Amino acid sequence: MIDIEDRLTFDERSTVDYILAMRKRWADTLYPALAEEYRADGAPAQTVEEAGERFRNLNLYSWFSHLERVQQKMLWKTAGDAVISRRDDLIDQLGEVRAPKGKLVLNSEVELPDWYTDFDIHIQPGGFFSDDLSAYVYEFGARIVMLRDNDGYKFHQLFTQTALPDLPDAARVVDIGCGFGKSTRPLANRYPKAEVIGVDFAAPGLRLAHAEAEAEGIAITYLQGDGRTTGLPDGSCDVVTGTMVLHEMPAQAVRETIQEAARLLRPGGALRFLEFQPTGDPFRDATIFEHAERNNEPFFHDLFASDLLEFCREAGLTDASWSPFDERNEGVRPEGWGDRREWHFPWAALAANKPEN
């Protein structure tokens, strides 16, 4: 498979490096300076709303907010231009799969809900579903979004290694909202005996996921469908999982996704989702809410305001819990996120189980 970064011109590489450097300095220099200015401004706020109102009046706030939005727009412009200029080669390789080990099942009848189509999530023009090249754009751009710390999909590897149960005889694992396969391929390595199924709305993402899995010789089934109504049989899965997908749904869709996961699980099966959760620090959490607004992710508020543990209990699951997740090197970290100076996502792993009886 073509890796676009291997083909960047000098000017393209320089632009990518500039955006990455700006993003890193925003996270590790500007954010700590904003936090210091906030602390010097008076007693800590007691609520997220109060913290947000206060830090919007700080001297550094305009730089902090402006650079976050601008760098994201620059990122997608650069990624889009790099992908479009190589359009023919990239489209061609999607059709080059020979003697596939896995399956790609597309369904043009799948209805995309308004909450999925009405926003350019992450400010990516046209979103992830609208064009054959959108998956390439997202795959390339996501590397910079994650500050190059998720190259090789390290976050997803850590999630499968530290959050998912040891089930050597697992027969079927489902990944809801699998995107371009970054979360699905690690599942195939974690559960080598299982049929691994990735489900997503976006045909472009599934085409790329399938082509990349085949290039690596990994047998995965990719289905275009709705994670709330997968069409898979009741009680047919050992693990149902998803990464960074629930925060992109309204609350009712999150509830329905968890209900579908519970329906799919066998007795004794495991639900595991990698997501985000409030940290309890009003200033920190206020910056997350603002990130969501500037990044065109309107349902962060729904996720943070919803009780997903109760959603799990309503669906008949037990032992529901959240655990902080350190994406750098530890994975699940029950003792908390730790003291981190830089801006970072409040990653957390949602766990629940289907009762044996």
Side-chain angles (χ1 to χ4, degrees), residues 1-13 15-16 19 72-112 116-117 119-146 148 150-153 156 175 177-186 188 196-226 244-245 248 296:
M1 294 288 292
I2 296 170
D3 188 330
I4 297 166
E5 289 204 72
D6 292 339
R7 301 192 174 193
L8 293 180
T9 65
F10 178 81
D11 285 347
E12 289 172 330
R13 169 60 61 192
T15 303
V16 169
I19 296 168
Q72 191 80 347
K73 295 175 77 171
M74 291 175 64
L75 163 68
W76 294 124
K77 175 67 166 61
T78 301
D81 288 349
V83 168
I84 289 170
S85 67
R86 297 160 177 84
R87 180 182 185 92
D88 291 343
D89 289 343
L90 295 174
I91 292 295
D92 286 348
Q93 72 175 352
L94 295 179
E96 292 175 352
V97 175
R98 299 287 185 271
K101 295 171 68 68
K103 291 190 295 184
L104 173 63
V105 182
L106 301 180
N107 179 5
S108 61
E109 300 301 314
V110 171
E111 183 176 350
L112 304 183
Y116 181 75
T117 59
F119 304 94
D120 284 349
I121 299 294
H122 310 136
I123 325 179
Q124 181 179 344
F128 181 56
F129 64 91
S130 59
D131 181 85
D132 285 341
L133 292 177
S134 59
Y136 283 111
V137 175
Y138 182 50
E139 182 183 43
F140 179 28
R143 299 177 186 180
I144 310 305
V145 168
M146 297 303 175
R148 303 308 311 244
N150 195 29
D151 288 6
Y153 308 124
H156 304 282
D175 182 20
C178 66
F180 56 83
K182 61 184 181 298
S183 52
T184 317
R185 292 193 292 277
V196 176
I197 300 174
V199 180
D200 202 278
F201 279 130
L206 294 170
R207 291 190 187 99
L208 181 57
H210 176 62
E212 291 188 339
E214 294 297 327
E216 294 180 24
I218 303 174
I220 296 173
T221 296
Y222 288 104
L223 304 178
Q224 185 178 11
D226 189 332
M244 295 174 280
V245 64
E248 294 180 354
N296 286 12

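This is a predicted model, so every value here is computed, not measured. Note that the numbering runs from 1 along the sequence shown for the chain.
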- Please test E12 against S85 for side-chain contact (heavy atoms from CB on, under 4.5 Å), starting from the C-alpha separation and ending with a verdict. CA-CA 11 Å; E12 289 172 330; S85 67; 4.1 Å; yes

- Message: Let's go through D175 and I197 carefully: what are the C-alpha distance in whole Å and the side-chain angles of both, what is the deciding distance for side-chain contact (heavy atoms from CB on, under 4.5 Å) to 0.1 Å, and is it a yes or a no?
- Response: CA-CA 6 Å; D175 182 20; I197 300 174; over 6 Å; no

- Item | Pair L112-F129, side-chain contact (heavy atoms from CB on, under 4.5 Å): steps then yes or no | CA-CA 10 Å; L112 304 183; F129 64 91; 3.9 Å; yes

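Scored by the side-chain hydrogen bond (donor to acceptor under 3.5 Å, both in side chains) test, R87 finds no partners at all (sequence neighbours excluded). Taking the ring-ring contact (aromatic ring centres under 6.0 Å, His included) definition, one finds that F201 meets it with Y116, sequence neighbours left out. Under the ring-ring contact (aromatic ring centres under 6.0 Å, His included) criterion, F128 pairs with Y138, not counting sequence neighbours. Partners of S108 by side-chain hydrogen bond (donor to acceptor under 3.5 Å, both in side chains), not counting sequence neighbours: none found. Looking at residues two or more places apart in sequence or on another chain, you find a salt bridge (charged side-chain N to carboxylate O under 4.0 Å, His left out) between R7 and D89.
K101 has its side chain out of reach of I218: every pair of non-hydrogen atoms, C-beta onward, lies at least 4.5 Å apart. At least one side-chain heavy atom of V16 sits less than 4.5 Å from a side-chain heavy atom of R13. With a 4.5 Å cut-off on side-chain heavy atoms, L8 and F140 count as touching. In this structure the side chain of I4 reaches within 4.5 angstrom of the side chain of L90, judged on heavy atoms. Side-chain contact check for D6 versus I2: every heavy-atom pair is 4.5 Å or farther apart. For the pair L94 and Y136, the minimum side-chain heavy-atom distance is below 4.5 Å.
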Just distance, no hydrogens or angles: give the donor-acceptor pairs under 3.5 Å from side chains in residues 204-212, sequence neighbours left out.
| from | atom 1 | to | atom 2 | distance (Å) |
| --- | --- | --- | --- | --- |
| R207 | NH1 | D132 | OD1 | 3.1 |
| E212 | OE1 | R185 | NH2 | 3.2 |

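To the nearest 0.5 angstrom, Y222 atom OH is 10.5 Å from D200 atom CG. Once rounded to the nearest 0.5 Å, the distance linking OG1 of T221 with NZ of K103 reads 4.5 Å. With rounding to the nearest 0.5 Å, the separation of OG1 in T78 from CG in D11 is 11.5 Å. Put simply, OG1 on T15 and NZ on K77 are 9.5 Å apart, with the number rounded to the nearest 0.5 Å.
Salt-bridge annotation for E5 and R86: absent, with no side-chain N of the basic residue lying under 4.0 Å from a carboxylate O of the acidic one.
In this structure a side-chain-to-backbone donor-acceptor pair under 3.5 Å is present from Q224 to N107. D120 contributes no side-chain N or O that, together with a main-chain N or O of P125, makes up a donor-acceptor pair within less than 3.5 Å. Using modelled atom types, no side-chain atom of Q124 and backbone atom of G141 make a donor-acceptor pair closer than 3.5 Å. Panel note: side chain E216, backbone A213; no donor-acceptor pair is recorded below 3.5 Å.
The nearest pair of heavy atoms linking I220 to G198 is CG2-N, 4.5 Å.
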